[in-house]
2 protein chains.
Amino acid sequence: MPALEYRLIKKEKHTGARLGEIKTPHGVIETPIFMPVGTLATVKSLSPEELKAMNAQIILSNTYHLWLRPGDDIVKEAGGLHQFMNWDRPILTDSGGFQVFSLSDSRKLTEEGAHFKSHLDGRKLFLSPEKAIEIENNLGADIIMSLDECPDFNHDYDYVKHSIDRTTRWAERGLKAHQRPDDQALFGILQGAGYKDLRLQHAKDMISLDFPGYSIGGLSVGESKDEMYQVLDYLTPVMPEHKPRYLMGVGSPDALIEGVIRGVDMFDCVLATRIARNGTCMTSQGRLVVKNAPYQRDFNPIDPNCSCYTCQNFSRAYVRHLFKADETFGLRLTSIHNLHFLLDLMAQVRQAIRDDNLLDFKEEFFEAYGLNTKNPKNF
Amino acid sequence: MPALEYRLIKKEKHTGARLGEIKTPHGVIETPIFMPVGTLATVKSLSPEELKAMNAQIILSNTYHLWLRPGDDIVKEAGGLHQFMNWDRPILTDSGGFQVFSLSDSRKLTEEGAHFKSHLDGRKLFLSPEKAIEIENNLGADIIMSLDECPDFNHDYDYVKHSIDRTTRWAERGLKAHQRPDDQALFGILQGAGYKDLRLQHAKDMISLDFPGYSIGGLSVGESKDEMYQVLDYLTPVMPEHKPRYLMGVGSPDALIEGVIRGVDMFDCVLATRIARNGTCMTSQGRLVVKNAPYQRDFNPIDPNCSCYTCQNFSRAYVRHLFKADETFGLRLTSIHNLHFLLDLMAQVRQAIRDDNLLDFKEEFFEAYGLNTKNPKNF
């Protein structure tokens, strides 16, 4: 039996959106889905029970970070990542490639892999496609990624052309190295920067390798949202219909909706939790910076339309006080709220697909959130 | 009806320990009791539900800190401290006196009160006995304290003699200023530093004012534990039998047990949560610094004999990883564990009083915890 089964339940009538479900060894995920990020085997400040209470169905952890701390050998000894962090629902791990390129020092790419220095202590490390899979096999996530290079959206054409071919070769090596195909589904990552022909070429090459699912990489890394949507517009139609599609690192409310409209099934992003720790909340009326002065005596919940633990129990004035006093319970409360907001948004999106009214839903949501549907702000 | 009713249920046969209960507007507290400290209207990093899950029956908040941030006026507007922080069980607030003496700058004491500068922004403030009560009336805790001066244990005799008389006059003024005697029980604080005659004199003077309960102040501020126990030895016997006795700022496991043996009913201390945030855990076998290297691959719970959320769900290796990676979920887990440890210890102490075997319990506990009953370490 394969580690993953994707079932396409329904296509939305007026867009490319799909309703589906993904069966994994740790349970079934409804798609389209947003995945909270637990970089270091913890979704910052939150307990597994809090994540379940907001109906988080799958979380993401970072291979690069766990390799460095505590070490994938320790996670393996603990019985794998699920047991180590006490999370019994599905987990996805990335390949580590993006972090090598964005965090590490003195990196040098060869055909073999990436030589670089740890961003923590400067020690020299080497990440090959085989090593990435070995680490991910040790971590034991339900869905894992093959090592990729992630060139900038505007990197020069010849470099990107060379890079996607290497990423394809790395993907083949990853497939061969994979020791647990029966309980870990290995996805291939589609690259190609901002070049349509390279994107389509790389998609074709990777699809021929018959991965159980595909990730779209190299987006949300500095290009405009319109540029990102244009890539999705031509890329998702050539992706296999009966396999899940995962847009990596995207998680603003508008981009989630636009991604779903273009046929994406899975998303992850640190945005919601990162801005939460800074006192900024996503609400049904747009962003609210709860630590600001206007909320000093505001005893309403962060979002009066929200059913999350924070909004059911605490006021803006209290959360503001916690932030002003540097009390960590504050960022816990805003993290709960923001993740609940995105998970709830995706539940509404799934309902809109069932009801074939996703475009109406989008218009209403953008209006309430203060977004112009013609000209979405980057946020 | 008075705000507080104390019921003495039973005296232990071989010691001065008492089993009792305190009825407050927000519920009944079993004594002897340990009170977790929520300085700024939050027990650092924990939710009210987590405190209830460990059977916290009453928590303490600090008048001085809440006066400065967010301001007692805001807490009052929120509907009081219980509503502001969503804690529907009893709360106790201190007088602010101790913080004025230990935290603030440029303090100057007069008969009227204490002039000082805020430790946050240097602004000039004045705390009188009436102002302390006004703030505490605004906060609305079930048990409140009258303003006291807290001289050092070894401060010179003549100064302390003068100081206790002023604290008595401040207590009288506090009683007069108290606007909510029907739902807030005002305790008097007994001072007198290390001088037996002054301690006994001040107790007599304060007891004549007929407070519904008495706090023992000026201990656990630098003197040895033996010196503290000597004060309790002569002080608690002269305190009213049918009123609660609260030893302020004491909360190491050994001092809790020794205090109970000498007839104390209530305790509070930041020790458990402060060391928790530093990665140090109290366990049935003594202290364990979970962030240390030996626990890197130790997949046992922090304390195999513990029933707390942390020990039921996570390993030493995981908690250590969280500390090494500066993840706040780590200090949340150790805070839960340490508070559970002290609350559970007090539940065991209450059972030992019921069973008239508190001295045996003490000996066993000290032995397991690595304490010499003849010569307890300061920790």
Side-chain angles (χ1 to χ4, degrees), chain A residues 38-51 53 65-66 68-71 73-79 81 83-88 120 277 295-301 309-310 312-333 335-336, chain B residues 38-51 53 65-66 68-71 73-79 81 83-88 120 277 295-301 309-310 312-333 335-336:
Chain A
T39 293
L40 279 154
T42 165
V43 177
K44 289 191 188 303
S45 84
L46 303 185
S47 70
E49 290 73 19
E50 281 163 332
L51 292 165
H65 289 281
L66 292 173
L68 269 52
R69 280 188 307 196
D73 53 334
I74 287 178
V75 175
K76 185 186 182 183
E77 257 187 77
L81 192 50
Q83 187 153 340
F84 186 59
M85 68 184 295
N86 194 34
W87 174 255
D88 57 10
L120 292 176
R277 293 195 298 277
Y295 306 112
Q296 192 174 21
R297 291 164 189 276
D298 186 335
F299 302 107
N300 295 301
Y309 169 75
T310 303
Q312 292 301 307
N313 291 288
F314 301 96
S315 66
R316 293 169 178 172
Y318 181 65
V319 178
R320 175 183 189 270
H321 159 63
L322 295 177
F323 270 91
K324 298 307 282 185
D326 279 328
E327 287 285 353
T328 59
F329 191 46
L331 54 93
R332 182 175 156 193
L333 291 177
S335 295
I336 288 173
Chain B
T39 294
L40 279 153
T42 166
V43 176
K44 290 192 189 303
S45 85
L46 303 184
S47 71
E49 290 73 19
E50 282 164 330
L51 292 166
H65 289 282
L66 292 173
L68 267 53
R69 278 189 307 198
D73 53 332
I74 287 178
V75 176
K76 185 186 182 181
E77 257 186 79
L81 191 51
Q83 188 152 342
F84 185 59
M85 67 184 294
N86 194 35
W87 175 255
D88 57 9
L120 291 176
R277 293 195 298 277
Y295 305 112
Q296 192 174 21
R297 290 164 188 276
D298 186 336
F299 302 107
N300 295 300
Y309 168 76
T310 303
Q312 292 301 307
N313 292 289
F314 301 96
S315 66
R316 292 169 178 173
Y318 181 65
V319 178
R320 176 182 189 270
H321 160 64
L322 295 177
F323 270 91
K324 298 306 283 185
D326 279 327
E327 287 285 352
T328 60
F329 191 47
L331 54 93
R332 182 174 157 194
L333 291 178
S335 295
I336 287 173

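Just so it is clear: chains get the letters A, B, ... in the order the sequence lines come, proteins before strands, and each one is counted from 1. Below, each value reflects all heavy atoms present in this structure, side chains not excepted, and no hydrogens, waters or symmetry copies.
Ranked by non-hydrogen atom pairs under 4.5 Å with chain A, the options B:Val75, B:Asn313, B:Thr39, B:Thr328 are led by B:Asn313. Between chain A and the options B:Pro70, B:Gly71, B:Gly330, the largest number of non-hydrogen pairs under 4.5 Å is found for B:Pro70.
Contacts between B:Gln83 and chain A at a heavy-atom distance below 4.5 Å are absent for every atom of the residue. B:Gln312 does not touch chain A: none of its heavy atoms, backbone or side chain, sits under 4.5 Å away. Residue B:Leu322 touches chain A through its side chain alone, counting heavy-atom pairs closer than 4.5 Å. Only the side chain of B:Phe299 comes within contact range of chain A, with heavy atoms under 4.5 Å apart.
Closest heavy-atom contact between B:Tyr309 and A:Pro48: OH-CD, 3.7 Å. Contact record, B:Thr42 with A:Phe329: OG1-CB, 3.7 Å, taken as the closest heavy-atom pair.
For the pair A:Phe314/B:Ser47, no side-chain contact is recorded, criterion being any heavy-atom separation below 4.5 Å from C-beta on.
Panel note: side chain A:His321, backbone B:Leu66; no donor-acceptor pair is recorded below 3.5 Å. Remark: the backbone N or O of A:Ser45 is paired with a side-chain donor or acceptor of B:Arg332 at under 3.5 angstrom.
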CA sep, side-chain torsions, deciding dist, call: B:Asp73, A:Arg297, side chain to side chain contact (heavy atoms under 4.5 Å, CB included): CA-CA 10 Å; B:Asp73 53 332; A:Arg297 291 164 189 276; 2.7 Å; yes
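The CZ atom of B:Arg320 lies 7.0 Å from the CD1 atom of A:Ile74; values are rounded to the nearest 0.5 Å. Between atom CZ of residue A:Arg69 and atom CD of residue B:Glu327 there is a gap of 8.0 Å, rounded to the nearest 0.5 Å.
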